[in-house]
Structures are given as C-alpha cells and as structure tokens.
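What follows is a set of notes on a single structure, which appears directly below.
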Amino acid sequence: GPAIAIQHADGGIAGVVTLRIRVAELLARALGPSRLSSDAVAFVATAGPDRKVLRLAKIDPKARQWKILPTPEPITVNGRDAAAFARDLAAGAPGLARIEMDGRDWIEAYGPIGKFGEQSWGLVVALPYSVVDEVRGRADVAVQTAFSDQLRNATVFAGIALALAGLAAVFAARSLTRPIKKLHDAAMRLAAGDYTVRVEADGKDEIGDLARGFNRMVPAIEDQVRV
C-alpha cells in the first residue's frame, strides 16, 4: 500500500505510515460475484491520455471472486462506442456502450469508483450483446402477442355487440309490426262486414292510440250502416 512520511516540525522524518487497502474486499462489497448472471463479466479498468484501456482487476470466472491483476492487462476495444468508452474511463465519467472486446460483442455499463494518482478507475459490468438482443426479442414477441390478443378480444367483443344489436333490432321490429298486422287484419274483417272485430289497445304509444281509435270507429261505422 502507499507509504506516508511523518515529519517533525523541523522537517526531520519521524517515521513512516503504510496504508494497506484490500481492494478485492472493497470490490466484493460493492459488487459481489454472486450478484452477476453467468453470462456477465465485471472488471475494473482505466484509460490513459492515449485512450488505451487497461484492466486492473476482474472477477475470476472459476473462483467467482475478485482478482487483482499483478500487472495491468491491455484490452483491445473496437466498435462505434470504443472511443467514447475509453474517453469516459479516462475522465471518470459513467456511461453505456456497445463495444467489441476480446473478439465478442458486448453491452457495457460503467461508472467511476475513484481516482488513484492521475488515473481514474472505473467499474465495468458487461453482458454479451446476443443475450441483450435475445431479451429484447422476447420482449418484442411478448408485446406483439399481447397486442394480438387484445385485437382478437376486441374483434370478438365487437362481433358480440353487433349480434346483440341485430337481435335487439329484430325484436324491436317484431314488436312494432305485430300490432300493425293485427290492425290490418281487423280492418280487413271490418271491410268484410264483421262489426264485432276489436284489437288490443293496451299500448301507451302511437300504435296503442291508433288501436283505441279503431275500436271507437267500428261501432260508429256499424251505426251508420244500420241506419
């Protein structure tokens, strides 16, 4: 760890204090390997003014624990977001990028964890783009399926509503034409000389008024015929 000299007032060295930092333990507390999926990788990286990315620590996939690398490990990054990724690491800025690393396509989320000397360190968590794309594809399928189900249900409900409306129209037409037909039949009987004919006049609508008028008309016609 770094050593700090302790000086007397006159500038003489009184002693040295060494500060030991267990970086692996701190990283395990910040991001334990058990919190990552089997497809994900995590590492600590930095980038210098030349934008070269160096891996400083990583999660050992076999031991499933953080491992501090004895020497920084160069990482070759390519892709549309590679320059922005290196620039953000150097500046200690967070971000999200799609890059090619170690021959694979990745989606990486990263953020600063501190500055040591002139270097900013960043914690990077990456998932293969194929996994992200598969999840997105499943989400698209789920949305399309839900939309299709809703459209199908709406079509069924609309069909039921139209059928009910048609049945209601049929019943309404029958309820209207039935008393009119009875009035027609009664008028034909009256024309044939049957003065005993009467029609039901229970309705409170115009058809009912017409039926009551017909019933009043029959005896009046009979009286005129018999005079």
So, for Pro112 and Ala93, which heavy atoms are closest and what is the spacing to 0.1 Å? CD-C, 4.1 Å
Closest heavy-atom contact between Trp106 and Arg104? CD1-O, 3.1 Å
Whether over 12 other heavy atoms sit under 6.0 Å from Glu73 CD: yes
Ile75 side, atom CD1; Lys58 side, atom NZ - distance, nearest 0.5 Å: 9.0 Å
Please round to the nearest 0.5 Å and tell me the distance separating atom CD1 of Ile107 and atom CD1 of Ile99. 9.5 Å
Inspect the surroundings of CE in Met188 and state if more than 12 heavy atoms from other residues, nucleotides or ligands are less than 6.0 Å away. no
Hey, can you pull the donor-acceptor pairs under 3.5 Å for the side chains in residues 81-89, sequence neighbours left out?
from, atom 1, to, atom 2, distance (Å)
Asp81, OD2, Arg98, N, 2.9
Asp88, OD2, Tyr110, OH, 2.7

Could you go through the side chain to side chain contact (heavy atoms under 4.5 Å, CB included) check for Phe43 and Met101 one step at a time? CA-CA 13 Å; Phe43 57 92; Met101 179 181 68; 3.8 Å; yes
Residues Leu69, Leu56; criterion side chain to side chain contact (heavy atoms under 4.5 Å, CB included); working and verdict: CA-CA 6 Å; Leu69 301 178; Leu56 307 173; 6.0 Å; no
With the 4.5 Å side-chain cut-off for hydrophobic clustering, are Leu96 and Tyr129 part of the same group? yes
Decide yes or no for Pro72 and Arg55: does some side-chain heavy atom of the first lie under 4.5 Å from some side-chain heavy atom of the second? no
Pairs meeting criterion salt bridge (Lys or Arg N to Asp or Glu O under 4.0 Å) with involvement of residues 187-198, two or more places apart: Arg189-Asp194
Please answer whether the main-chain N or O of Leu54 pairs with a side-chain N or O of Thr46 as donor and acceptor at a distance below 3.5 Å. no
